[in-house]
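First the structure, in the form of structure tokens, and then the observations on it.
All residue numbers in this chain count up from 1 along the given sequence.
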Amino acid sequence: MRVEIWSDIACPWCYIGKARFEKALAEFAHRDEVEVVHRSFELDPGRAKGETEQVVDMLASKYGRTREEAAGMEANVAANAQAEGLGYRTEGRDHGNTFDIHRLLHLAKARGRQDELLTLAYRANFAEERSVFDDDVLLALAVEAGLDGDEARAVLADPEAYAEEVRADEREAAELGANAVPFFVLDRRYGISGGQPSEVFGQALEQAWKDRPATELTTVGGDAAACDTDGACEVPKS
């Protein structure tokens, strides 16, 4: 069974949702027969490369909130991340264009190191004092994930390298009706939107495995926090 996950490094619910899904997958009886593929989805594609701003400032501007209110929003998301055992910095994080990260993730996919790089990039962005919008940081993460440094440097230097692969993922997301991330597709039969509880992912894995002859994509699970195409990330009210 194949699970495809559309996500963006800038999306906190993708970071949290990945951890929740992996918890469910670890408990799934057929986990060794599940292939996980990560797909590209940009939350802020219109932002220029190299143009970054602090996340709290971005949230305050986007939602018309005070900086203190925006910091409170970040603290709420941080609590959800920490409940999953994830590190999460609420101050000092950058927000920017993630296209180069996605291109590098496609290189990692081709070399069998995609999940390793994605995990490191999430950790750098949300938990560590490392900006994933800096090419030197991205290169260091690529090497840490097991990629060849020269090859990764060449990809970053060529804006067309793996660009079509990123765009193809994004077109496919639109065709599937995905307008927010994370978005999980199980065997092209079941779709799950948002950072659902691990129990929902577990139920979906069981259902998809049981109903493998199904042919149409069916959405399972209720509403859950997600980040949409204009970069807005929902925050649970409780």
Side-chain angles (χ1 to χ4, degrees), residues 5-21 38-102 104-105 118-135 137-138 141 166 170 173-174 178-184 192-197 221-238:
I5 306 173
W6 274 263
S7 61
D8 192 12
I9 293 296
C11 165
W13 293 110
C14 298
Y15 176 50
I16 295 167
K18 182 176 186 290
R20 291 175 175 173
F21 170 76
H38 296 282
R39 302 290 193 188
S40 300
F41 192 106
E42 295 173 88
L43 289 175
D44 200 355
R47 185 178 290 266
K49 174 180 171 63
E51 177 191 328
T52 62
E53 65 179 316
Q54 294 289 292
V55 168
V56 171
D57 293 332
M58 180 273 293
L59 291 172
S61 175
K62 179 179 290 291
Y63 296 110
R65 304 290 185 89
T66 66
R67 201 175 191 283
E68 290 71 23
E69 289 171 332
M73 294 166 64
E74 273 287 89
N76 197 343
V77 178
N80 279 268
Q82 290 159 5
E84 302 301 329
L86 300 171
Y88 196 100
R89 294 186 297 113
T90 57
E91 289 284 350
R93 287 198 300 109
D94 291 337
H95 175 79
N97 182 290
T98 56
F99 189 61
D100 283 350
I101 305 172
H102 287 297
L104 208 54
L105 283 165
L118 183 63
T119 299
L120 289 170
Y122 274 138
R123 185 185 305 158
N125 187 44
F126 291 105
E128 300 173 348
E129 296 286 345
R130 304 168 77 185
S131 174
V132 295
F133 308 104
D134 181 282
D135 282 357
V137 171
L138 282 182
L141 291 172
V166 175
E170 294 173 336
N179 54 18
V181 286
F183 187 68
F184 300 75
I192 307 173
S193 181
Q196 299 278 355
D223 294 336
C227 298
D228 64 25
T229 52
D230 70 358
C233 295
E234 300 174 14
V235 178
K237 294 183 174 60
S238 60

So which heavy atom on [X] is nearest to which on [Y], and how close?
{"X": "Cys14", "Y": "Cys11", "result": "SG-SG, 2.7 Å"}
{"X": "Ala71", "Y": "Val56", "result": "N-CG1, 4.1 Å"}
{"X": "Asn97", "Y": "Asp44", "result": "ND2-O, 3.8 Å"}
{"X": "Phe126", "Y": "Ile9", "result": "CE1-O, 3.2 Å"}
{"X": "Leu43", "Y": "Val181", "result": "CD2-CG2, 3.8 Å"}
{"X": "Asp100", "Y": "Leu138", "result": "CB-CD1, 4.3 Å"}

What is the distance from atom [atom1] of [X] to atom [atom2] of [Y], rounded to the nearest 0.5 Å?
{"X": "His102", "Y": "Arg39", "atom1": "NE2", "atom2": "CZ", "value": "13.0 Å"}
{"X": "Asn125", "Y": "Ser131", "atom1": "CG", "atom2": "OG", "value": "7.5 Å"}
{"X": "Leu120", "Y": "Arg130", "atom1": "CG", "atom2": "CZ", "value": "7.5 Å"}
{"X": "Asp94", "Y": "Gln54", "atom1": "CG", "atom2": "CD", "value": "5.5 Å"}

For the residue pair [X] and [Y], establish whether any side-chain heavy-atom pair is separated by less than 4.5 Å.
{"X": "Ile101", "Y": "Leu141", "answer": "no"}
{"X": "Arg20", "Y": "Asn80", "answer": "yes"}
{"X": "Trp13", "Y": "Pro182", "answer": "yes"}
{"X": "Leu59", "Y": "Glu74", "answer": "yes"}

message = If the threshold is 4.0 Å, N to carboxylate O, is there a salt bridge linking Glu84 and Lys18?
response = no
query = Can Lys62 and Glu69 be counted as an ion pair, charged N to O under 4.0 angstrom?
reply =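 Glu69 and Lys62: not salt-bridged.
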message = Please tell me whether Phe41 and Phe183 form a close aromatic pair, meaning their ring centres lie under 6.0 Å apart.
response = no
task = Compute both the distance and the angle, then confirm whether Arg93 meets the cation-pi test with Tyr88: under 6.0 Å from the six-membered ring centre, within 45 degrees of the axis.
result =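 Flagged: Arg93 positioned over aromatic ring of Tyr88.
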ask   = Which of parallel (below 30°), tilted (30 to 60°) and perpendicular (above 60°) describes Tyr15 and Tyr122?
value = tilted
task = Verify side chain to side chain donor-acceptor pair (under 3.5 Å) between Asp57 and His95, making sure each step is shown before the conclusion.
result = CA-CA 9 Å; Asp57 293 332; His95 175 79; over 6 Å; no
key: Verdict with reasoning, Arg47 to Glu42, per salt bridge (charged side-chain N to carboxylate O under 4.0 Å, His left out)   = CA-CA 10 Å; Arg47 185 178 290 266; Glu42 295 173 88; over 6 Å; no
task = Could you please spell out the steps behind the side-chain contact (heavy atoms from CB on, under 4.5 Å) verdict for Ile16 and Val77?
result = CA-CA 9 Å; Ile16 295 167; Val77 178; 4.0 Å; yes
ask   = Passes side-chain contact (heavy atoms from CB on, under 4.5 Å), Met73 versus Tyr63? Steps please.
value = CA-CA 11 Å; Met73 294 166 64; Tyr63 296 110; 3.5 Å; yes
